[in-house]
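A short write-up of the structure that comes next.
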Amino acid sequence: VQLVESGGGSVQTGGSLRLSCAYSGFTFEEYGIAWFRQAPGKEREVVSWISGSDGATSYANSVQGRFTISSDNTKNMVYLQMNSLKPEDTGVYYCATSALTYYTTSFLTRTSQYDFWGQGTQVTVSS
């Protein structure tokens, strides 16, 4: 299993970014992929999740209505569109997957529930 994030950068408050997660080594249609983020000095927290089997999505309350997760199975990609960015969205963003996501509809929110992680991409939002 391999996950590679890209698309991070620096933007001002209110700006937008689209993160990409290129996945390989597993059948996405049988699992799910989550986005996490980690701000300096803080614990890694879940941001969003998408089911590969039925496209169901879930979001953390802090990003609901601003972020959109999607997938393009023809390109083996999962995206995170981030709009109306705030300084508190700053952090390293990771995509992750796990054997626990096998045909699950549950929003797994703990880092301990995920086995495979990408290297992360930095997002910086300035005020």
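- Legend: residues meeting side chain to side chain contact (heavy atoms under 4.5 Å, CB included) with Ser51, ordered by chain and number and at least two apart, are Trp49, Ser53, Asp54, Ala56.
- Distance check, rounded to the nearest 0.5 Å: CD of Gln122 to CD of Glu5 gives 12.0 Å.
- Ring centroids of Tyr114 and Phe36 are separated by less than 6.0 Å, placing the two rings close together.
- In this structure, the side chain of Thr104 engages the main chain of Ser106 through a donor-acceptor pair within 3.5 Å.
- A search for salt bridge (charged side-chain N to carboxylate O under 4.0 Å, His left out) contacts involving Arg18 returns nothing, not counting sequence neighbours.
- Other residues sharing the hydrophobic cluster of Val4, ordered by chain and number and joined by side-chain separations under 4.5 Å: none, the residue standing alone.
- Between the side chain of Thr90 and the backbone N or O of Val125 there is at least one donor-acceptor pair closer than 3.5 Å.
- By the 30° and 60° cut-offs, the orientation of the rings of Phe26 relative to Phe28 is perpendicular.
- With sequence neighbours excluded, no residue satisfies side chain to side chain donor-acceptor pair (under 3.5 Å) with Thr68.
- For the pair Val47/Met82, no side-chain contact is recorded, criterion being any heavy-atom separation below 4.5 Å from C-beta on.
- In this structure, the side chain to side chain donor-acceptor pair (under 3.5 Å) partners of Thr74, at least two apart in sequence or on a different chain, are Asp72.
- Taking CG from Asp89 and OG from Ser62, the interatomic distance works out to 7.0 Å, rounded to the nearest 0.5 Å.
- Put simply, CD1 on Ile33 and OG on Ser48 are 11.5 Å apart, with the number rounded to the nearest 0.5 Å.
- Heavy-atom contacts from other residues, nucleotides or ligands closer than 6.0 Å to CD of Glu88 number more than 12.
- Rounding to the nearest 0.5 Å places OG of Ser10 at 8.5 Å from CG of Leu17.
- The shortest side-chain heavy-atom distance between Leu80 and Tyr93 falls under the 4.5 Å cut-off.
- Annotation: side chain to side chain contact (heavy atoms under 4.5 Å, CB included) contacts of Thr27 (sequence neighbours excluded): Glu29, Glu30.
- Rounded to the nearest 0.5 angstrom, Ile50 CD1 and Tyr59 OH are separated by 7.0 Å.
- Gln12 is linked by a side chain to side chain donor-acceptor pair (under 3.5 Å) to nothing, counting only residues two or more places apart in sequence or in another chain.
- In this structure, Met77 shares a hydrophobic cluster with Tyr79, the cluster being traced through Ile, Leu, Val, Met, Phe, Trp and Tyr side chains under 4.5 angstrom apart.
- Taking CH2 of Trp117 as the start and OG1 of Thr111 as the end, the distance is 5.5 Å to the nearest 0.5 Å.
- With hydrogens and angles disregarded, a donor-acceptor distance shorter than 3.5 Å links the side chain of Ser98 to the backbone of Gln113.
- With sequence neighbours excluded, the residues forming a salt bridge (charged side-chain N to carboxylate O under 4.0 Å, His left out) with Glu45 are Arg37, listed by chain and number.
- In terms of the side chain to side chain contact (heavy atoms under 4.5 Å, CB included) criterion, residue partners of Ser16 (sequence neighbours excluded) are, by chain and number, Gln81, Asn83.
- For Ser127, the side chain to side chain contact (heavy atoms under 4.5 Å, CB included) partners are Thr13, Pro87, not counting sequence neighbours.
- Between Trp35 and Phe67, a ring centre-to-centre spacing not shorter than 6.0 Å is recorded.
- For the residue pair Val78 and Ser71, the shortest heavy atom distance occurs at CG2-CB, 4.0 Å.
- For residues 21-110, every residue pair satisfying the disulfide bond (SG atoms under 2.5 Å apart) rule, not counting sequence neighbours, is listed here: Cys21-Cys95.
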